[in-house]
S.K.: 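First, the structure itself, so that you have it in front of you.
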Amino acid sequence: MLGTARPLYLARDLSSRDLPGTGASRSACSRGERFHRRTQLAEAHGGAHWGSGVVDEPVRWRFPSAIAMAAGRAARTGLNGLFAVYKPPGVASIRVRDTVETLLLKELNSLEQPAVQQQVRFLPTTVEGNAGKELTLTVTRLPVLAAHPLVRGPEFTHLKIGAGHRLDTKSSGVFVLGVGHGNKLLTDMYNAHLTRAYTVRGLFGKATDDFSDTGRLIEKTTFDHITGDKLERILAVIQGTNHKALLMYSNIDLKTQEAYELAVEGLIRPMEKTPPLITAIRCLQFAPPEFQLEIQCLHETQQYLRKIVHEIGLELKSTAVCTQVRRIRDGFFTLDSALLRTHWNLQNIRNSIKDSKIKVKVGLQRSLSHQARSGKRHTDMDQVAESELHSTEGTSASDLTHKMR
């Protein structure tokens, strides 16, 4: 009972003779056992905790941030995976990532905070007794200052948010982010070599130093001779050339059943880093001098796509600049699943992670299992070739010729 005081001699007497459930003397007990018995004695006498001297240990201790950490873990249960946001043009990718982190931290720290923890202390006081002033111990509850929000500061100060394939400042579109375990999934997405899709707008008749419409103007040309058929022929040549390069980097024998199955599933892709590759390109709109393309590619940069527009202009005996690069798909994420700036909050991000979890898991398993099978096949082929090489060591040229016959 709070505020209850008893004479010190009574505390000494009880601590040595009236401990519940034991008859051992106090001197024969360890410090931990004495503390446990004093706790039992306190519960038996109205919650007071008696002993000789000032007891500086609380009756029941909880770590200062235990409840706060539990609340934080509950709030962050859904923040463990991948989600996509829409990056507007004119903003750096790293700034978008930092903005999302800041908004999440602000919302997590604005959640209801637990009450400040209390701890039991035994404070020495003097009271008037029969023999004058006597020293006693008074049980008091005090707040744990180390757990007070004004002392420890915000509960959340950092979230581990990783960024996927980035967009440069001029580009816009789907930008994938990972939080918690999602950082490992970002690495898996990189190793899976997934394709990305863009819509690219171009303008005939101009050439600049950086292939964009905002660069320094270098040249102006005519474009009246350009037709839709001519543009389609150039796009077909580009796709055919890149398709041959894709097969070369994929190391797949086109005469096998495996190659056919991979082609049907759309899984023909290189298993390591390669130069930029275009898997598909088509014209969406042709209204000279403006045109719009849809490009699906691997290992690209946005500057590479602008250069493609520039080269298309040169092939058509003219010039062209890129006016817009917009990513419409990054692996499993499309524009429909990308969160707009007004939706960058805790609830929407948790829902986005939840909605994409199964899709990401199945897609990564399929892509990475294909790479594992392909890697094993190439390893087996290398082992067979090496064994054949060892078996021919020490054999004369005539013997080899006889075996070949």
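Note that the coordinates shown come from a computational prediction; the quantities given were computed from them, not determined experimentally.
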S.K.: Quick one: is the NZ or CZ of K206 closer than 6.0 Å to the six-membered ring centre of F223, and within 45° of its axis?
M.R.: no
S.K.: Charged N to carboxylate O under 4.0 angstrom, D188 versus K184?
M.R.: yes
S.K.: Do Y86 and R326 have side-chain N/O donor and acceptor atoms under 3.5 Å apart?
M.R.: yes
S.K.: Do N348 and N345 have side-chain N/O donor and acceptor atoms under 3.5 Å apart?
M.R.: yes
S.K.: Around atom NZ of K244, are there more than 12 heavy atoms of other residues, nucleotides or ligands at under 6.0 Å?
M.R.: no
S.K.: May I ask you to test the K170-T214 pair for a side-chain heavy-atom distance under 4.5 Å?
M.R.: yes
S.K.: In this structure, which one of I295, L293, I312 forms a side-chain contact (heavy atoms from CB on, under 4.5 Å) with I238?
M.R.: I312
S.K.: Quick one, T195 with R329, criterion side chain to side chain donor-acceptor pair (under 3.5 Å). Give me CA distance, side-chain angles, the key distance, then yes/no.
M.R.: CA-CA 8 Å; T195 60; R329 180 179 59 81; 3.1 Å; yes
S.K.: Where do C283 and E232 come nearest, in terms of heavy atoms and distance?
M.R.: CB-OE2, 3.5 Å
S.K.: Under 4.5 Å between any side-chain heavy atoms of V321 and F211, yes or no?
M.R.: no
S.K.: Apply the salt bridge (Lys or Arg N to Asp or Glu O under 4.0 Å) test between R306 and each candidate in D213, D209, D168; give the one that qualifies.
M.R.: D168
S.K.: Yes or no on side-chain contact (heavy atoms from CB on, under 4.5 Å) for V200 and Q292, after CA distance, side-chain angles and deciding distance?
M.R.: CA-CA 6 Å; V200 180; Q292 184 179 16; over 6 Å; no
S.K.: Restricting to non-hydrogen atoms, name the atom on P270 and the atom on S250 that form the minimum distance, rounded to 0.1 Å.
M.R.: N-OG, 3.5 Å
S.K.: Is the count of non-hydrogen atoms from other residues, nucleotides or ligands lying under 6.0 Å from E290 atom CD greater than 12?
M.R.: no
S.K.: Report yes if some heavy atom in the side chain of L346 is under 4.5 Å from a heavy atom in the side chain of I349; otherwise report no.
M.R.: no
S.K.: Start with the C-alpha distance between I278 and I308, add both sets of side-chain angles, then the distance that settles side-chain contact (heavy atoms from CB on, under 4.5 Å), and finish with yes or no.
M.R.: CA-CA 10 Å; I278 294 177; I308 289 293; 4.0 Å; yes
S.K.: Verify whether one side chain among H158 and E101 offers a donor that lies under 3.5 Å from an acceptor in the other.
M.R.: yes
S.K.: Given side chains that start at C-beta, do those of P276 and L298 come closer than 4.5 Å, heavy atoms only?
M.R.: no
S.K.: Which atoms form the tightest heavy-atom contact between H225 and L316, and what is the distance?
M.R.: NE2-O, 2.8 Å
S.K.: Checking side-chain polar atoms at under 3.5 Å, does E300 have a donor or acceptor matched by the opposite partner on Y198?
M.R.: yes
S.K.: Mind listing the closest non-hydrogen atom pair of L194 and S367 along with its distance?
M.R.: CD2-OG, 3.7 Å
S.K.: Ignoring hydrogens, what is the shortest heavy-atom contact between L135 and P124? Give both atom names and the distance.
M.R.: CD1-CB, 4.0 Å
S.K.: Answer whether the closest heavy-atom distance between the side chains of L104 and I161 falls below 4.5 Å.
M.R.: yes
S.K.: Test side chain to side chain donor-acceptor pair (under 3.5 Å) on D210 and S212 and set out the steps.
M.R.: CA-CA 6 Å; D210 63 354; S212 71; 2.9 Å; yes
S.K.: Looking only at non-hydrogen atoms, find the nearest pair between S110 and E107 and report the distance.
M.R.: OG-O, 2.7 Å
S.K.: Do side-chain atoms of N183 reach the backbone of K160 as a donor and acceptor pair under 3.5 angstrom?
M.R.: yes
